[in-house]
There are 2 protein chains.
Amino acid sequence: MAQITIQDVAQMAGVSPATVSRALHSPHLVSKATRENIERIIRENNYIYNAAAADLSRRKSSVLGVFIPTTGGTVFASTVGAIEEYAYERGFPVMVSNTRYDPEIEAVLLHKCLERRMAGVILTGYCQANEQLILSMAEKGLPCLVAWEILPESVPLSYVGIDNYQAAFEATDYLLGLGHRRVGLIVGPRSGILRARRRYDGYAAALEARGIPCDPALVIERHPTMLNGKEAMSRLLRLPKPPTAVFAASDFMAIGAMAAARERGLRVPEDISLMGFDDIEFTNYTSPPLTTVRVPSWDIVGSQAK
Amino acid sequence: MAQITIQDVAQMAGVSPATVSRALHSPHLVSKATRENIERIIRENNYIYNAAAADLSRRKSSVLGVFIPTTGGTVFASTVGAIEEYAYERGFPVMVSNTRYDPEIEAVLLHKCLERRMAGVILTGYCQANEQLILSMAEKGLPCLVAWEILPESVPLSYVGIDNYQAAFEATDYLLGLGHRRVGLIVGPRSGILRARRRYDGYAAALEARGIPCDPALVIERHPTMLNGKEAMSRLLRLPKPPTAVFAASDFMAIGAMAAARERGLRVPEDISLMGFDDIEFTNYTSPPLTTVRVPSWDIVGSQAK
DNA sequence: CGAATGAATGAAAACGATTTCATCCAGCAC
DNA sequence: GTGCTGGATGAAATCGTTTTCATTCATTCG
């Protein structure tokens with residue numbers, strides 16, 4: 001059964017296709033009688049709009065691209081969830097791209113966005129490897145927004161995010177203020193994730209500000225998963241001189257870290273201090289509730305997306 | 001700057017657009033020399049394929065629609081994550097639709113899938129309210145797959161999922177086997193969520209099988225969030241005759257329930273037994289690790305999607 | 001009353017691919 | 001030489017909208 005087209009509708013309504021199109025998108029341009037007649041015919045004949053044809057004709061689709069680095073954290077739910085909700089209300093479908101922290105995959109997916117002439121792209125995190133590509137996309141007229149990051153001035157892109165450097169600095173300084181001198185850091189890979197590097201830098205700066213040397217053995221870089229957090233913590237605790245406090249600077253790692261401490265019979269915070277950095281609800285439900293850097297993850301993308 | 005089209009490429013290569021199209025999609029139909037020439041020209045001139053035009057011409061898009069009921073659980077990450085990964089490898093983009101457990105929103109979003117002539121739709125959970133619409137979509141040639149659910153034979157749709165009834169039966173029976181006679185149930189709203197009803201039915205059947213009357217006061221229905229789980233548990237514990245065991249039959253509710261028990265100074269499982277039902281990694285990291293019905297959530301959609 | 005205004009509509013040219021038939025030709029068997 | 005076969009290619013129709021100009025006609029203004 002071939003689909004009914006706008007032409008067919010027009011014919012049945014005794015008007016031109018142009019009028020039907022207008023009735024659909026700019027109702028105020030069409031007289032009330034005509035519009036209602038068209039609407040009735042559409043309903044009765046089960047006409048289904050063809051989005052591809054519209055996208056082609058408009059040279060622009062209404063689809064929004066959302067990039068996330070992994071589905072294994074809450075970056076995922078917060079980012080995609082908030083954006084989807086916001087976009088739905090405005091009639092924009094959301095297409096999800098998972099880069100797996102891999103610049104090459106990201107490049108491929110970015111290209112797909114170009115092929116679809118998307119309405120815009122939101123990048124969670126920022127991968128320098130594709131800087132040129134992203135800038136050229138922005139120039140081609142594809143609006144790009146970077147979330148979860150504060151970009152250096154040299155990068156001419158819009159962004160919304162938190163100051164990861166400052167947050168990590170303060171978190172570390174808080175631990176130091178409690179009297180700790182050996183503070184561990186569990187963080188994402190600095191080389192690939194801008195966020196991770198910033199947090200590392202904040203941590204290092206806080207140490208330096210108090211004149212404490214940064215012991216590389218106390219810093220562990222891992223992709224942010226619970227399991228990695230657990231393993232990283234185990235490793236720290238097995239050190240000859242283990243840290244007395246640990247800053248787990250990433251979503252899920254703090255939870256894994258806490259489990260690792262518990263497994264070794266350590267109480268938090270009596271035996272070891274643990275500071276998280278997350279945006280997730282779960283930390284309210286651990287025992288004890290985790291001290292953490294609270295991130296307004298929903299609002300980052302929910303309230304400011306334009 | 002107007003985009004270069006397949007026509008332009010054809011002209012530069014001294015061939016017809018048809019050949020360019022073939023070089024792109026059916027390379028084996030084109031001689032090696034021609035193909036390589038075309039590829040070079042595409043590269044050098046930065047030609048960008050137009051997906052909308054292709055979708056229109058083919059009367060079919062390659063986009064896959066994925067429906068989830070909420071972004072607030074892990075159904076979300078597991079479902080979308082696994083599907084996205086699988087689809088990426090096969091070149092299918094994924095469009096996410098969040099129904100918010102609302103049939104009307106679901107209907108609107110389903111219609112959007114029709115408008116885009118999508119390659120297929122995967123529905124997480126199943127909402128009877130839209131049964132007719134979904135069936136008619138399937139008839140129109142839009143493949144629909146229901147995940148996380150086992151459908152009654154009367155519904156002619158493909159599905160992959162677990163037997164929620166059986167799982168809940170066994171979970172409840174396990175608690176009863178421990179000697180408990182007052183077993184509470186925290187579950188999603190039966191009216192809207194098929195999964196929730198099945199789990200309730202399994203719970204009720206297990207009680208009945210042992211000749212224990214089902215006390216409505218022990219059953220609390222809430223949308224599945226941690227907070228709701230916590231509140232539900234608090235309410236159960238404040239009953240004149242509180243349950244000695246609770247089956248939290250939904251993703252996040254068990255975690256909230258555990259927190260509520262802890263807040264009242266109850267130890268799990270010494271003072272109260274708690275059984276979860278989830279698919280989430282968290283439960284490995286709670287203290288104590290939660291007993292739970294393990295669901296192969298990734299595999300449900302990851303390995304069987306076709 | 002003539003001109004100007006503006007609302008409602010139509011004609012027709014895009015938009016950029018895909019795909020079905022041909023067509024052409026080289027090579028090969030007989 | 002004739003007739004096939006099959007690989008490589010091209011011509012042209014088609015997909016279903018959108019949108020820019022016109023056009024028409026009824027008002028309104030001076």
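Residue numbers start from 1 in every chain, and the chains themselves are labelled A, B, ... in the order their sequence lines are given, proteins ahead of strands.
- Separating the CG atom of B:Leu29 from the P atom of C:dC21 is a distance of 16 Å, rounded to the nearest angstrom.
- Contacts of A:Val30 with the nucleic acid, taken as non-hydrogen atoms under 4.0 Å apart, involve only primed sugar atoms and P, OP1 or OP2.
- Between the side chains of B:Asn164 and B:Arg195, not a single donor N or O lies within less than 3.5 Å of an accepting N or O.
- Here D:dT9 is the nucleotide among D:dT9, C:dC15, D:dT18 with the atom lying nearest to any side-chain atom of B:Ser31.
- Rounded to whole Å, atom P of C:dT19 lies 11 Å from atom CG of B:Asp55.
- OP1 and OP2 of D:dC15 both lie 4.0 Å or more from every side-chain N or O belonging to B:Arg59.
- Between B:Arg40 and B:Glu44 a salt bridge is recorded (basic side-chain N to carboxylate O distance below 4.0 Å).
- In this structure, the nucleotide among D:dG16, D:dT18, C:dA17 sitting nearest to the side chain of A:Tyr49 is D:dT18.
- The nearest whole Å value for the distance from the CG atom in A:Leu24 to the C1' atom in D:dG16 is 12 Å.
- As judged by a 4.0 angstrom heavy-atom cut-off over every strand, A:Ile48 is placed among residues touching the sugar-phosphate backbone only.
- With rounding to whole Å, B:Asn37 atom CG is found 15 Å from D:dA8 atom C1'.
- Between A:His25 and A:Tyr49, the ring centre distance stays below 6.0 Å.
- Mapping A:Thr19 and B:Pro17 onto DNA chain D via the closest heavy atom, the residue that lands nearer the 5' end is B:Pro17.
- Residue A:Lys32 is the one, among B:Ala51 and A:Lys32, whose nearest nucleotide of DNA chain C lies closer to the 5' end (criterion: closest heavy atom).
- Atom CD1 in B:Ile42 sits roughly 14 Å away from atom C1' in C:dG16 (whole-Å rounding).
- Residue A:His25 has its side chain nearest to D:dT18 when only D:dG10, D:dT18, D:dT9 are considered.
- Listed for the B:Thr5 side chain is a donor-acceptor partner under 3.5 Å among the backbone atoms of B:Gln7.
- Taking atom CD of A:Gln7 as the reference point, atom P of C:dG10 lies 12 Å away to the nearest angstrom.
- In this structure, B:Val15 reaches the sugar-phosphate backbone alone: every heavy-atom distance under 4.0 Å involves primed, P, OP1 or OP2 atoms, never a base.
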Q) Can A:Asp55 and A:Lys60 be said to form a side chain to side chain contact (heavy atoms under 4.5 Å, CB included), step by step? A) CA-CA 5 Å; A:Asp55 285 355; A:Lys60 193 92 200 148; over 6 Å; no
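- Nearest to the side chain of B:Ser21, among C:dT19, C:dA11, D:dG16, sits C:dT19.
- Below the 3.5 angstrom threshold, one finds a donor paired with an acceptor across the side chain of B:Arg22 and the base of D:dG10.
- Considering only side-chain N and O atoms, B:Ser16 lies under 4.0 angstrom from the phosphate OP1 or OP2 of D:dG10.
- Atom CZ of B:Arg58 is separated from atom P of D:dG16 by 15 Å (rounded to the nearest Å).
- Atom CG in A:Leu114 sits about 14 Å away from atom P in C:dG16, given to the nearest Å.
- Nearest nucleotide to the side chain of A:Ala18, out of C:dG10, C:dT9, C:dG16: C:dG10.
- Of the candidates D:dT19, D:dA12, D:dT17, D:dT17 carries the atom nearest the A:Ile6 side chain, counting heavy atoms from C-beta on.
- Between B:Glu84 and A:Arg100, at least one side-chain N (NZ, or NE/NH1/NH2) sits under 4.0 Å from a carboxylate O, which counts as a salt bridge.
- When the nucleotides D:dT18, D:dC15, C:dT9 are ranked by their closest atom to the side chain of B:Ser57, D:dC15 comes out on top.
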